[in-house]
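Here the structure is laid out as structure tokens; the discussion comes afterwards.
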Amino acid sequence: MLTEARCQEIFEKIRRACPADEVEVSFNASQSALTRFANNIIHQNVAEEGLHISVRALLNGRTARASTNKTDDDALRRVAEQAAASARWQPRNPDLLPMPGKQTYQPVERFCEQTAAFAPEARAEAVKKVVARAEKNKLTAAGIYSTGVQTETLLNSRGLIATHRQTKAEFSVTYLNGGSGWAKGNFTSVQQLPVEELAESACRKALDNHDPKELPPGRYTVILEPAAVLDLVGFLFYDFSATAVLDQRSCFTNQIGKQVFGENISIADDAYHPLQAGSAWDGEGIPRRQVQLVEKGVLKNLVYARHTARKMKAEPTGHGFLLPNEWGEAPMNLVFAGGSSSLEEMIRTTERGILVTRLWYIREVDPYQKILTGMTRDGTFSVEGGQVRRAIRNLRFNQSIKEMLKQVELLGPAVRATGEESFEMVVPPMRIANFRFTEVTKY
Amino acid sequence: MRDWANWALDTAAARGATYADVRVLDARYRNLSTKNGTVGNVEESESLGLGIRVIAEGSWGFASSDQLTRDKIEQTAARAVAIARASARVKKADVVLAPEEKIEAVWRTPVEKDPFAVPMDEMMQLLLEADKELRGAAGVTLAETSMSFTRLEQFFASTLGSAIQQVKVYSGAGMVATSFADNEIQKRSYPNSFGGQHASAGYELVEGLRLVENARRVGEEAVALHKAAKCPQGRRTLILDSSQLGLQIHESIGHPIELDRVLGTEANFAGMSFLTLDQLGKLQYGSEIVNAVADARLEHGPGLGTFGYDDEGVPAQCIDIIKDGRFLGYLSSRETAREVGLNRSGGTMRAESWHHIPLIRMTNVSLLPGTWKLDDLIADTDDGLYLETNRSWSIDDRRYHFQFGTEIAWEIKGGKKTRMIKNPSYSGITTEFWNSCDAICDRRHWTLWGTPNCGKGQPMQTMGTGHGAAPARFRNVQVGVAYAD
């Protein structure tokens, strides 16, 4: 992997070659591997490694970026000159700030040696067990087992140095037998990844998910498992951006200080939470702060990059993206406050409702009302008289997330959830009233 | 590049691979954007590396690297073989590929004006002028414009003896006006949403879009939408403009015909398909006027799915997908073609970059033109809606049930386009929808749209696809359920 000393050496070469007032270089070195299986065999098995060196030049109120994955002297000189050349002809941007100086960071430990060294043979052996469970139950299994290492380093000509190294372990499985059941986990270490537990859960759902009955569309009480919650509320993350509010494209435009959700909803951004991943600094190297975004349903704060903070007379919170960009910032480590209701308790106390494992192909229908549409998938069940009754056909929803978070009746403990529509967050399962299903599909 | 490829292939063969291919890719990208009169993003980037794909012990392995010394390339090839041997721990039968010929060829995207030779300040000047015009419409609260360019120089070699060099160039540009008023956000995009139009072409594509000339109208429409009537709920006759129809084709024809989905290898992520193998040649996919092809050849047009050879070294082809409404063909790879008994791959395998493995991807999946003039089609429609420019899209994981929203619609009454409609949406079941098609406009209204952001696979890859379409009419379609009463 790329060492900090090697980054320093490359940075000095680029700085010397870059005809600009200030220079920033970000390094992203990654190694990752993914074993993919379906129809009870491994059908794809890949490994990749790469380096991304990205140079930002700043000269007299103008900035631009150039990137490469080459480390020879010619390439480094070329990328340095390109960044400066792309900045030089631009109109001056009065909002552009000088680069920040040296910062102090709170340490985060998200690296696991065992995960970094995890071999394809180990992934294959884990998959073999998952497949054996499928064959034992007359099912087929499809999924992935992935591990990786990423090292990020940011340096600038004002002396800022930021580094972060982390590992990733991810497992996902779908068992199929006409119907299907799904589960997924994502952690920073293979030691945390409960492969067998996830496989057992998905297998059980697949076995239960047969002969689905069609329920008519309408408003239902829903019990959303954490992955389903995540993939819905994940669509809110950019709305907490101060730039989005300035641009009047956030669903929270004109809402700061107002009751936007029910009193049982509190949301923070917390890069230091033990279930979170990622670095402790943002695209400019500003330390990430913990920010209480929503407290008891009231929108309390947004997140701010440096330049947005100056415009809005606020403090930067360490959530900016690499400059230049049009998007400003966003909270990347959302943590929803959980409750004490277990999933079992939610089911037991529901007279009539729908249990949702997972949602799929979610898209924004209306950006201000925050209406989302999408489908249920891989395990949708009716709940009647406090019991999971039977599999039902998948349904399409059209639901305002702002309205949904006013209708949350019960919350479970918050967990690190992972889905396919959003990056990982810490969210609880929820029971929600009046969730709007509009149509039903054929299976 | 040839030496690098040979080092990789020789090592793979020496380590026991029964088949290997290698792609060396030197990529260059340029992205520019503006936002409300200021420069948004300016970035040039490049990436060089190689990916080696092997079959050993009857299973697949793949490894990639951007360190291109001989030692490192040989290590990477050896790693690919070791990974394949690990795959073989969980297999039922050996992978067998459909036959393919040894090919030695050079292919290039025809380009009139190399986008990387056009000064960036000239490009930015055009975007800033369009941005200014968008904001010239009172009520536009956010103006955004963008351009993107890609140049891929690729060398493919395989143990079949193939050696194929391709230089592919893609260009794209677009703009969007957003208006916030009365707690409502409306937007209009040009010439399409999600980055505009994209094609296998040079800067001549951008010059032909006439961004500045269209910007004021686009801004005015975004503002006017606030006062437009709401989309009704119920069943209506729809005419879809060609860009929205392009995305409808992508989601409800292009994805379901991917053989990897059909055969289950995408089941955990992208999903499967309702087009099971027993449907081939039998299913009435659409009405008798519906004809669709997957055509990667240059003669189809400069789409994002246009190339000389796919990433398995298979020549570009035209495949009948739907003929006279009947379902006739899938998108295939060498492996899946052999699995379903085809003599040859359809040549649809593409990888996003050197560090990705090739997957079955749409080429240019297009609806062939019909016979109508658009004016005549509208005149022939007594009561309906004309929908333009996608705003939202969603479809289930077997590609039956879809819902789309568009940025704008126009009511058609008595054969005339009348008032503006906001927040339009429509939904349905794929085969019912295509069977309700009763008119397609002719070649003069046909556009080969580029969809630059199609996501698929694990690890996720983003690929550009092409979709030719002319406006078409559909009867008795559900509209308006996206919004509650």
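Here is how names work: the chains are called A, B, and so on, in the same order as the sequence lines, proteins then strands, and each is numbered from 1. We use all heavy atoms of the structure for the numbers below, so side chains are in, but hydrogens, waters and symmetry mates are not.
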* Taking atom types as modelled and ignoring hydrogens, do the side chains of A/Thr441 and B/Arg398 form a donor-acceptor contact shorter than 3.5 angstrom? -> no
May I ask you to check whether A/Ser172 and B/Asn268 show a side-chain donor-acceptor distance below 3.5 Å?
yes
Rounded to the nearest 0.5 Å, the CZ atom of B/Arg89 sits from the OG1 atom of A/Thr35 at a distance of 11.0 Å
Tightest non-hydrogen contact, residues A/Ile42 and B/Ala86, listed as CD1-O, 4.3 Å
Shortest non-hydrogen pair, B/Arg391 vs A/Val365, comes out as NH2-O, 2.9 Å
Quick check on [X] against chain A: is it the side chain, the backbone, both or neither that has a heavy atom closer than 4.5 Å?
X        : answer
B/Ile429 : side chain
B/Arg53  : neither
B/Met460 : neither
B/Glu144 : side chain
B/Glu266 : both
B/Lys422 : neither

What part of [X] gets within 4.5 angstrom of chain B, counting heavy atoms only: side chain, backbone, both, or neither?
X        : value
A/Val79  : neither
A/Gln82  : side chain
A/Leu51  : both
A/Ser180 : neither
A/Lys128 : both
A/Ile144 : both
A/Arg56  : neither

Self-check item: NZ/NE/NH1/NH2 to OD/OE distance under 4.0 Å, B/Lys92 and A/Glu135
Solution: yes
Listed by number, the residues in residues 59-67 of chain B that come under 4.5 Å of chain A (heavy atom to heavy atom) are B/Trp60, B/Gly61, B/Phe62, B/Ala63, B/Ser64, B/Ser65, B/Asp66, B/Gln67
Checked A/Asn69, A/Thr174, A/Ile41 vs chain B; the most non-hydrogen pairs under 4.5 Å come from A/Asn69
Where the side chain of [X] meets the backbone of [Y], is there a donor-acceptor pair that is under 3.5 Å apart?
X        : Y        : value
A/Asn39  : B/Leu263 : yes
A/Arg249 : B/Thr141 : no
A/Gln44  : B/Gln458 : yes

Residues at least two apart in sequence or cross-chain that pass salt bridge (charged side-chain N to carboxylate O under 4.0 Å, His left out) with A/Asp95, listed by chain then number, are A/Lys311
Review point. Quick one: are the ring centres of B/Phe274 and A/Tyr443 less than 6.0 Å apart?
Key: no
